[in-house]
Novice: 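Quick one: the structure is below, and I'll ask about it shortly.
Values below: every heavy atom of this structure, side chains too, minus hydrogens, waters and symmetry copies.
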Amino acid sequence: MVNPSDTPPDPYAFPKDYTSDPVTTPYAGKKRVANAVCVVTGATGGIGAATVVRLAEEGAKGVVVVDLDQAKCDSFVEKLQQSKTCGQTQFLARAADVTKEEDIEGIFKAAMDKWGKVDVAVANAGTGTALRGITEETVENMEKINRVNSIGVFLTIKHAAKVMRPDPKVPGTASIIVISSTTGLFPAPLLYPYSTSKWAARGLGLSSAAELGPRGIRVNNVHPGGTMTPLLRGGFSTETLERIRKSYPLRRLANPVEIANTILFLASDESSFVTGATLEVSGGACM
């Protein structure tokens, strides 16, 4: 994280004129999340894995790699440690079920025990469902999907907020990022469990942003459109994916790293005055 000043900022001070000498900003030549400790759930594939890599490439001090399967976490961390661009970051592999409070509390405790702080939390873990009409949908499926996609977000925000201690001298150092979906922005017939869970995740992000803002903790929502992840590819036929692709103004689906770069922006203090935002990253799908 960049420290623009050694003293707390004067909220009414006139900002630097960036056209005057020296023509530079406090961010020049800096790693975007240097020294940050980050927790990422759903971290071993798709958007989560891309996010872990980007955080490490941009100088994170430590990243907790969280997913259901310990073996997958261990394997991913081993590859990260061998990477020329990620090898300077320390990693902690932790299996956790995001629907269980003791698991989520444990991953934040592990981060605090190892590094003494948490700066960034990315609530990315999620699951999907088959297309099904309202008359065929079941209570069991609604509960299953919502436990992961909304209760998991709730628990991640809750326990991140418990341990985050923003530095008053460095605006933007505490950031929680909720990964929702464009189905949390507009109607999504036949995706009732998934859509309702993503609307709930959006509401959790907005409400906690209002509560936590006075403490210096930022909370923002990212709403990806169709992204080529294992979840998407495993959940839809080629014909359906092609129909989705053609419906987007950019006429393509997203690469996970394109979503990760948005998450990186929100994790960094480049977004220090951004909280309660709903950032749609969808190739124009919601226009």
Novice: Decide yes or no for N35 and K117: does some side-chain heavy atom of the first lie under 4.5 Å from some side-chain heavy atom of the second?
Specialist: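 Touching, per the 4.5 Å side-chain cut-off.
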Novice: What's the separation between atom OG1 in T127 and atom CG in N146, rounded to the nearest 0.5 Å?
Specialist: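 One gets 11.5 Å once the value is rounded to the nearest 0.5 Å.
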Novice: So, taking the atom named CZ in R245 and the one named CZ in R251, what distance separates them when rounded to the nearest 0.5 Å?
Specialist: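 So the gap between those two atoms works out to 8.0 Å.
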Novice: What heavy-atom pair brings C286 and F186 nearest, and what distance separates the two atoms?
Specialist: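 Heavy atoms of C286 and F186 come nearest at SG-CE2, 3.4 Å.
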Novice: Ignoring hydrogens and geometry, is there a side-chain-to-backbone donor-acceptor pair from N220 to I177 under 3.5 Å?
Specialist: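 No; zero donor-acceptor contacts below 3.5 Å.
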Novice: V178 pairs by side-chain contact (heavy atoms from CB on, under 4.5 Å) with which of V153, L204, T278?
Specialist: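 The residue from V153, L204, T278 that satisfies side-chain contact (heavy atoms from CB on, under 4.5 Å) with V178 turns out to be V153.
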Novice: Going only through I, L, V, M, F, W and Y residues with side-chain contacts under 4.5 Å, is there a path from M112 to I157?
Specialist: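 In one cluster with M112: I157, yes.
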Novice: Hey, does Y192 have a side-chain heavy atom less than 4.5 Å from the side chain of R132?
Specialist: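 They are not in contact (no side-chain heavy atoms under 4.5 Å apart), so the answer is no.
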Novice: Treat each ILVMFWY residue as a node, draw an edge where side-chain heavy atoms are under 4.5 Å apart, and state whether I217 and L206 are in one component.
Specialist: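 Hydrophobic grouping puts I217 apart from L206.
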Novice: Just wondering, do C86 and E57 contact through their side chains at under 4.5 Å, heavy atoms?
Specialist: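 They are in side-chain contact.
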Novice: Between N149 (side chain) and S197 (backbone), is there a donor-acceptor pair under 3.5 Å?
Specialist: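 Checking the backbone N and O of S197 against the side chain of N149, no donor-acceptor pair under 3.5 Å is found.
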Novice: Has the side chain of R215 got a donor or acceptor atom that lies under 3.5 Å from a matching backbone atom of R165?
Specialist: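 No, R215 side chain to R165 backbone: no donor-acceptor pair under 3.5 Å.
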Novice: Taking the side chain as C-beta and beyond, is there a heavy-atom pair between V52 and F76 under 4.5 Å?
Specialist: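 Of all side-chain heavy-atom pairs linking F76 with V52, at least one is under 4.5 Å.
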Novice: Should V120 and V122 count as side-chain neighbours, where that means a heavy-atom distance under 4.5 Å?
Specialist: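 Touching, per the 4.5 Å side-chain cut-off.
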Novice: Just by distance, do the side chain of D119 and the backbone of V37 share a donor-acceptor pair under 3.5 Å?
Specialist: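 Yes, the answer is positive, given that a donor and an acceptor are paired below the 3.5 Å cut-off.
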Novice: Short question: side chain of S175, backbone of L266 - any donor-acceptor pair under 3.5 Å?
Specialist: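 Checking the backbone N and O of L266 against the side chain of S175, a donor-acceptor pair under 3.5 Å is found.
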Novice: Is there a donor-acceptor pair under 3.5 Å between the side chain of S75 and the backbone N or O of K72?
Specialist: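 Checked: no pair found.
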Novice: Side-chain heavy atoms nearer than 4.5 Å, only ILVMFWY residues, links allowed to pass through others: does that put L155 and I145 together?
Specialist: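 No, because L155 and I145 fall into different hydrophobic clusters, even though each may have its own neighbours under 4.5 Å.
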Novice: In the structure I gave you, are the side-chain heavy atoms of S208 and I176 within less than 4.5 Å of one another anywhere?
Specialist: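 No, too far: nothing below the 4.5 Å cut-off.
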Novice: Could R147 and E143 be called an ion pair, given the rule that one side-chain N must be under 4.0 Å from one carboxylate O?
Specialist: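 E143 and R147: not salt-bridged.
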Novice: Show the nearest heavy-atom pair for residues A111 and V118, with the distance to one decimal.
Specialist: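 Looking at all heavy atoms of both residues, the shortest contact is CB-CG2, 3.7 Å.
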Novice: How many angstroms lie between OG1 in T99 and NZ in K144, if you round to the nearest 0.5 Å?
Specialist: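 These two atoms lie 11.5 Å from each other.
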Novice: Are the side chains of S83 and K79 in touch, meaning some heavy atoms are under 4.5 Å apart?
Specialist: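 No, too far: nothing below the 4.5 Å cut-off.
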Novice: Do you know which two heavy atoms are closest between A125 and G42, and how far apart they sit?
Specialist: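 It is CB-N, 3.7 Å.
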Novice: Identify the heavy atoms of A209 and V219 that sit nearest to each other, and give their distance.
Specialist: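 What the structure gives for the nearest pair is CB-O, 3.5 Å.
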Novice: What are the two closest non-hydrogen atoms of K198 and I179, and how far apart are they?
Specialist: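 Looks like NZ-O, 3.2 Å.
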Novice: According to a 4.5 Å side-chain heavy-atom criterion applied to Ile, Leu, Val, Met, Phe, Trp and Tyr, with indirect links allowed, do V163 and V33 form part of one hydrophobic cluster?
Specialist: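 No: no chain of side-chain contacts under 4.5 Å links V163 to V33.
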Novice: Under a single-linkage definition using a 4.5 Å side-chain heavy-atom cutoff for Ile, Leu, Val, Met, Phe, Trp and Tyr, are V66 and V63 assigned to the same hydrophobic cluster?
Specialist: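 Shared cluster, no.
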Novice: Find the distance between NE2 (H159) and CZ (F108) and round it off to the nearest 0.5 Å.
Specialist: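 CZ of F108 is found 8.5 Å from NE2 of H159.
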Novice: Is the closest side-chain heavy-atom distance between E58 and L264 below 4.5 Å?
Specialist: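 Yes - at least one pair of side-chain heavy atoms lies under 4.5 Å apart.
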Novice: How many angstroms lie between atom CD1 of I263 and atom SG of C38, to the nearest 0.5 angstrom?
Specialist: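 Rounded to the nearest 0.5 Å, the CD1-SG separation comes to 11.5 Å.
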Novice: Measure from the side-chain N and O atoms of E258 to the backbone N and O of N255, and report whether any donor-acceptor pair falls under 3.5 Å.
Specialist: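 Yes: the side chain of E258 pairs with the backbone of N255.
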Novice: How far apart are the closest heavy atoms of Q90 and K114, and which atoms are they?
Specialist: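 Minimum heavy-atom separation between Q90 and K114: OE1-CE, 4.3 Å.
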Novice: Using only atom types and a distance under 3.5 Å, with no angle test, would you say the side chain of T89 pairs donor to acceptor with the backbone of K61?
Specialist: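 Pair absent, no side-chain N/O of T89 close to backbone of K61.
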Novice: From T262 OG1 over to E280 CD, what is the distance, rounded to the nearest 0.5 angstrom?
Specialist: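 Interatomic distance, T262 OG1 to E280 CD, rounded to 0.5 Å: 10.5 Å.
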Novice: May I ask you to say whether E105 pairs ionically with K162, meaning some side-chain N is under 4.0 Å from a carboxylate O?
Specialist: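 Salt bridge absent between E105 and K162.
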Novice: Quick check against the 3.5 Å criterion: does S195 have a side-chain atom that pairs as donor or acceptor with the backbone of P193?
Specialist: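 No, because the side chain of S195 does not come within donor-acceptor range (under 3.5 Å) of the backbone of P193.
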